[in-house]
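Structure record follows, encoded as structure tokens.
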Amino acid sequence: MVWPHLAGVAVSTNGRPVVLVVEDEPSYQDALNVGLTVEGFIVVGATTIGQAREVFARNAPNLVLLDVMLPDGSGIDYCREIHQTLRTPVIMVSARTSEVDVVLGLEIGAADYVTKPYRLRELVARMRAVLRRPQSEPNAGDERITIGDIDIDLVRRSVAKRSLPIELSRKEFDLLALFAEHRGQVVTREQCLDALWWGLDLVDTRTLDTHVKRLRQKIEDDPPRPRHLVTVRGVGFRLDD
Ligand code: CA
């Protein structure tokens, strides 16, 4: 499989989103080239950061899918570079869960991330979600939600309780954000599974309970008797002030 950038010319998009895939593993290059094209994306590829800069300049992608470990450097550094200068959304691709913490901890401006091995369906769902987001920075006021003494910053993906930061995993944060956006309303278990796991059948329903339990341990004063994140028996959950 030859990466489309090797043609050396800008691609014609016909309105389809252009995704720059920076990936040095041939098996992933092939799968992404075929799979994302079928899903309606124009795929331009690069195997190194140096190549990525050239392809980026030529094709002005709408989205970058960026591997962390690349032959000529770290995708983390390149993500920061894109974020500071070009503002094109980047989805980081990491090979190890341990890298995820680095990706999230550094505030490098990544819009999202996936961990290898990932499913194409999951990746495409994330890509579409990122492309739907407004390109410009939203007003800070629109992206902060306060629930009682808990402050949630949806842009920075940070949470604080009585001004003290709370460390949440990605799923825990996504869950909390989902509840916060429906504050005072019941969010059904199905809504949770759809929003966080795209309804994938691989998810054991107990996984959701595990995440809710962990979330309570982090945000509640008395987790066994939650004041904010309450269970609505037989239906789902509700986040109250
Ligand atoms: Ca790699």
Side-chain angles (χ1 to χ4, degrees), residues 1-11 13 16-131 133 157 169-171 173-174 196-198 200 202:
M1 180 68 64
V2 175
W3 270 132
H5 79 272
L6 295 177
V9 293
V11 293
T13 66
R16 291 194 285 165
V18 177
V19 56
L20 167 57
V21 180
V22 191
E23 174 60 70
D24 59 319
E25 279 183 57
S27 60
Y28 274 90
Q29 293 169 355
D30 292 353
L32 289 170
N33 204 0
V34 173
L36 295 179
T37 302
V38 167
E39 292 289 336
F41 294 90
I42 303 276
V43 180
V44 292
T47 54
T48 64
I49 293 170
Q51 218 174 37
R53 290 195 185 100
E54 289 174 34
V55 178
F56 194 113
R58 197 157 54 222
N59 292 290
N62 304 100
L63 179 67
V64 180
L65 193 62
L66 179 57
D67 191 33
V68 170
M69 300 282 280
L70 291 161
D72 60 342
S74 163
I76 289 172
D77 294 332
Y78 184 48
C79 178
R80 198 180 273 124
E81 179 184 318
I82 293 173
H83 182 65
Q84 284 169 355
T85 55
L86 302 156
R87 315 295 291 180
T88 302
V90 175
I91 296 180
M92 297 298 298
V93 179
S94 68
R96 293 191 304 272
T97 312
S98 60
E99 289 174 351
V100 167
D101 297 331
V102 175
V103 168
L104 292 183
L106 290 177
E107 294 197 9
I108 56 172
D112 204 346
Y113 71 89
V114 291
T115 307
K116 289 178 179 175
Y118 49 80
R119 293 177 170 208
L120 185 69
R121 187 175 154 197
E122 172 186 345
L123 175 66
V124 168
R126 288 181 172 276
M127 290 170 67
R128 295 213 168 107
V130 166
L131 287 170
R133 290 183 200 163
R157 296 179 63 86
S169 73
R170 184 185 71 186
K171 289 289 188 206
F173 183 89
D174 289 346
L196 271 76
W197 289 274
W198 309 285
L200 294 182
L202 59 91

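These values consider heavy atoms only, across backbone and side chains, with no hydrogens, waters or symmetry-generated copies. Counting convention: from 1, in listed order, for ligands and their atoms alike.
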For the side chain of Asp72 and the backbone of Ile49, is there at least one donor-acceptor N/O pair under 3.5 Å apart? yes
Could you tell me whether Lys116 and Glu23 have a side-chain N and a carboxylate O separated by less than 4.0 Å? yes
One thing to verify: whether Arg80 and Asp77 come together as a salt bridge, which I'm taking to mean a side-chain N less than 4.0 angstrom from a carboxylate O. yes
Metal site angle (apex the Ca ion (ligand 1)), O from Met69 and OD2 from Asp67, 10 degrees: 80°
So, 3.0 Å as the limit: is an N/O/S atom of Asp24 located closer than that to the Ca ion (ligand 1)? yes
The Ca ion (ligand 1) and Glu25: any N/O/S contact shorter than 3.0 Å? no
Look at the side chain of Asn62 and the backbone N and O of Val18, then say whether any donor-acceptor pair between them is shorter than 3.5 Å. yes
